[in-house]
Amino acid sequence: MLGRMPEFRNLIGGELVPSPRTMDTVNPATGEAWATIPAGGAAEAEAAVEAAGRAFPAWSALPALARAHYLRKVSELFVRHAEELARLETRDNGRILRDTLKRDLPGMAHLWQLAAGQCLDAVKGDTVLLGSDTLGLTRREPYGVAVCIIPWNSPISTFSAKAAYALAAGNTVIVKPAEQASASVLRLGELLAEVFPPGVLNIVSGLGEEVGDALVRHRGVAKISLTGSTATGQAITRASAEALKPMTFELGGKSPNIVFPDADLDAATQGVTVNSVYTGNAGQVCVAGSRILIHRSIWEEMLGRIERACAGLVLGDPLDLGTTMGPIVSAGQYERVTSYLELAEKEGARLVFGARTGADVVPALPGGYWVAPTLYATEDNSLRVCQEEIFGPVAVAIPFSTEEEAVAIANDSPYGLAAGVWTRDLGRAHRLVRDLRSGTVWVNTFRQMPPGLPFGGVKDSGYGHDSVLEYTREKAAIIQI
Ligand code: NAD
């Protein structure tokens, strides 16, 4: 980009509004600032809630099929602008273009279509005959103004998974993207300003503790959905406690990926490496299978296979379609990931391969935030590196002897987002689906998240999941005839 950096603006009440304060957004592959984004605060939060509140009566009164029409237009826009949006997001957060262009944009175009098809579900109720002259009815109603707070690792996807369903249900929406990577969502705002009536969809960027906090405390906000860390979920719960707001929380994870000796080991190797913790997002994936549980009889073989698979990963410019692993999103996240490398060493985990410190890694591009794919081995699942979410390309391998022991280790975690099981034994597959305490269990696959199936967690990984019904509440009517 020659000359001035691009400046992105908030979308409030149908207008693209400059913010009096801005902040730089950085390309994590090079460490260079490349654009400015609004650093909104209480004033922007107030304006967005006011605009969304004003738009709510007309939007919620539209027939469901009229709302569906708007949602289909968003899907078409995702198809038309796929290349532009994918490149923008990759530049902003380092998620490889292979994933943003080939996986996220087509997937989200599909999701907006699906949400359009579900607009009718949001207005379906039940009839209950309470007696020959008494009729019970239920009505589903939107909450009102919904605030959707999203993280930086897949902004367009998390934006879509929340906004599409919230809008389908008849809510008006304020999206708060993450300060580390807001550009793709703010660009979407420019495009969507032409699609929705003013105030139906608003986007305000800024720090979580500033504009995010002001939004969740606001009395005009009726529903909150967060995808982010457990600590943020707790902070939002405290901040909004006075107003008792319903929440949907999709939070962190430390997911087990369990390999039994009867598995197809080629598929399992792929499933625990490139489809899991060493992905295009460099392990910055909520469902990353960052605890790899391996049966003792195949322990050495699997460690060797994982190392060879990781040696084939291509770290480099995420905008290059040949790249298979990108950078860490920010300087702050880089410090966090590398601090865990030092901790693993201190806790006595054995380095199988990868980086002993961040400085060990030859940067794929100068100036960027790079960490090599790294694997530790330990017998002790109570180590902090086994219990805490690292959110980088760092996994821990843990051996087990029996199915019961595998389940016990897998469940010994504060988190419960997802789990993977690799086995050809159908009975075992079903037992583990039953016994693993997590929101999703994948068997002989990993990281498939088809829209239409619930995606959420248990324990510290949150509760609820984004869907049309999640953005409605039920009202009862009893009619004496
Ligand atoms: P984060 O919790 O730091 O930030 C998430 C969002 O919350 C950002 O927009 C941030 O600005 C906002 N926020 C922070 N503090 C806030 C406050 N006090 N009030 C209101 N908003 C606030 O998380 P992150 O570092 O951006 O993302 C990584 C985390 O997200 C990881 O824990 C990861 O597992 C999780 N994640 C979960 C899923 C899922 O679906 N379960 C998906 C992706 C990421």
Side-chain angles (χ1 to χ4, degrees), residues 23 25 28 37-42 45 92-93 95 104 147-162 174-182 185-186 203-218 221 224-241 245 247-255 277 279 281-290 328-337 388-392 413-418 438-440 447 449 451 453-467:
M23 51 191 172
T25 189
I37 57 173
D92 206 27
N93 74 352
R95 182 169 167 82
D104 299 351
V147 163
C148 301
I149 304 179
I150 63 174
W152 41 261
N153 53 349
S154 292
I156 288 178
S157 299
T158 24
F159 166 89
S160 297
K162 295 186 188 308
I174 303 169
V175 175
K176 209 301 272 172
E179 47 272 38
Q180 298 86 346
S182 293
V185 168
L186 291 167
I203 301 173
V204 286
S205 126
L207 298 179
E209 316 78 73
E210 296 182 358
V211 74
D213 183 67
L215 285 168
V216 298
R217 284 177 192 277
H218 202 293
V221 170
I224 297 169
S225 175
L226 164 76
T227 294
S229 62
T230 304
T232 300
Q234 290 160 339
I236 288 178
T237 305
R238 284 190 293 272
S240 62
K245 293 177 193 187
M247 312 268 184
T248 303
F249 282 154
E250 296 186 357
L251 308 176
K254 189 79 181 178
S255 298
V277 64
T279 61
N281 243 25
Q284 301 161 105
V285 180
C286 55
V287 295
S290 49
I328 301 296
V329 72
S330 64
Q333 185 62 18
Y334 175 83
E335 291 302 322
R336 179 186 158 85
V337 174
E388 297 175 16
E389 186 181 43
I390 298 175
F391 224 55
S413 168
Y415 293 108
L417 190 58
S438 65
T440 298
R447 210 160 69 98
M449 295 151 84
L453 278 182
F455 176 73
V458 300
K459 301 193 272 183
D460 286 3
S461 295
Y463 52 81
H465 59 88
D466 289 312
S467 66

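Just so it is clear, the values below take in all heavy atoms, side chains as well, and ignore hydrogens, waters and symmetry mates. For clarity, every value in this text was computed on a predicted model and none was experimentally measured. Each ligand, and each atom within it, is numbered from 1 in the order the structure gives.
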Counting each atom of ligand 1 from 1 as listed, which ones have a heavy atom of Asp213 under 4.0 Å away?
19 (N), 20 (C)
Under 4.0 Å from a heavy atom of Pro177: give me the atoms of ligand 1 that qualify, with their elements.
9 (O)
Do the non-hydrogen side-chain atoms of Ile236 and Ile149 ever get within less than 4.5 Å of each other?
yes
If we ignore angles and hydrogens, is there a donor and acceptor under 3.5 Å between the side chains of Ser225 and Lys162?
yes
Val211 and Lys176: side-chain contact (heavy atoms from CB on, under 4.5 Å), yes or no, with the steps?
CA-CA 8 Å; Val211 74; Lys176 209 301 272 172; 3.8 Å; yes
Thr25 side chain near Ser182 side chain, heavy-atom distance below 4.5 Å:
no
In terms of atom number and element, which parts of ligand 1 are under 4.0 angstrom from non-hydrogen atoms of Glu250?
37 (C), 38 (C), 39 (C), 40 (O), 41 (N)
Do me a favour and list the nearest non-hydrogen protein atom to atom 28 (C) of ligand 1 with residue, atom name and distance?
Phe391 CE2, 3.5 Å
I'd like the name of whichever of Ile149, Val285, Thr232 reaches closest to atom 1 (P) of ligand 1 through any heavy atom.
Thr232
For Asn281 and Val329: C-alpha separation, side-chain torsions, deciding distance, then whether side-chain contact (heavy atoms from CB on, under 4.5 Å) applies.
CA-CA 9 Å; Asn281 243 25; Val329 72; over 6 Å; no
Heavy atom under 4.0 Å from ligand 1: found in Asn153's side chain, backbone, both, or neither?
side chain
Check step by step if side-chain contact (heavy atoms from CB on, under 4.5 Å) holds for Gln180 and Asp92.
CA-CA 8 Å; Gln180 298 86 346; Asp92 206 27; over 6 Å; no
Should Leu226 be listed as contacting ligand 1, given a heavy-atom distance under 4.0 Å as the test?
yes
Say whether Leu251, considering both its backbone and side-chain N or O atoms, lies within less than 3.5 Å of an N or O atom on ligand 1.
yes
N/O separation below 3.5 Å, Thr230 to ligand 1
no
For Glu179, take its heavy atoms, then give the atoms of ligand 1 lying under 4.0 Å from any of them.
10 (C), 11 (O)
Would you say Lys459 and Tyr415 make side-chain contact, with heavy atoms under 4.5 Å?
no
Interfacing atoms of ligand 1 (cut-off 4.0 Å, heavy-atom, Leu417):
41 (N)
So which heavy atom on Gly253 is nearest to which on Ser461, and how close?
CA-OG, 4.1 Å
Can you tell me the protein heavy atom closest to atom 8 (C) of ligand 1 and the distance?
Ile150 O, 3.4 Å
Please list, in number order, the atoms of ligand 1 under 4.0 Å from a heavy atom of Gly212.
19 (N), 20 (C), 21 (N)
At under 4.0 Å between heavy atoms, what of Gln284 touches ligand 1? The answer is neither
Determine whether Leu417 and Cys286 satisfy the following criterion, side-chain contact (heavy atoms from CB on, under 4.5 Å), listing intermediate values before the conclusion.
CA-CA 8 Å; Leu417 190 58; Cys286 55; 3.7 Å; yes
Heavy atom of the protein closest to atom 35 (C) of ligand 1 (residue, atom name, distance)
Gly228 O, 3.2 Å
What protein heavy atom is closest to atom 22 (C) of ligand 1, reported as residue, atom name and distance in Å?
Gly208 CA, 3.4 Å
Atom 31 (C) of ligand 1: the protein heavy-atom neighbour that sits closest, reported with distance to 0.1 Å:
Glu389 OE1, 3.4 Å
Is there side-chain contact between Ser205 and Leu186, with at least one heavy-atom pair below 4.5 Å?
yes
With heavy atoms and a 4.0 Å threshold, my read on which part of Val287 contacts ligand 1 is neither
If you define the side chain from C-beta out and look only at heavy atoms, does anything of Trp152 sit under 4.5 Å from Pro28?
no
Going by atom types only, do Ser154 and Asp104 share a side-chain donor-acceptor pair under 3.5 Å?
no
Heavy-atom nearest neighbour in the protein, as seen from atom 27 (O) of ligand 1, with distance rounded to 0.1 Å:
Pro151 CB, 3.5 Å
If you have a sec, work out which protein heavy atom is nearest atom 24 (P) of ligand 1 and how many Å separate them, to one decimal?
Trp152 NE1, 3.3 Å
shortest atom 39 (C) of ligand 1-to-protein heavy-atom contact is with Cys286 SG, 3.3 Å
Are the side chains of His465 and Glu250 in contact, using a 4.5 Å heavy-atom criterion?
yes
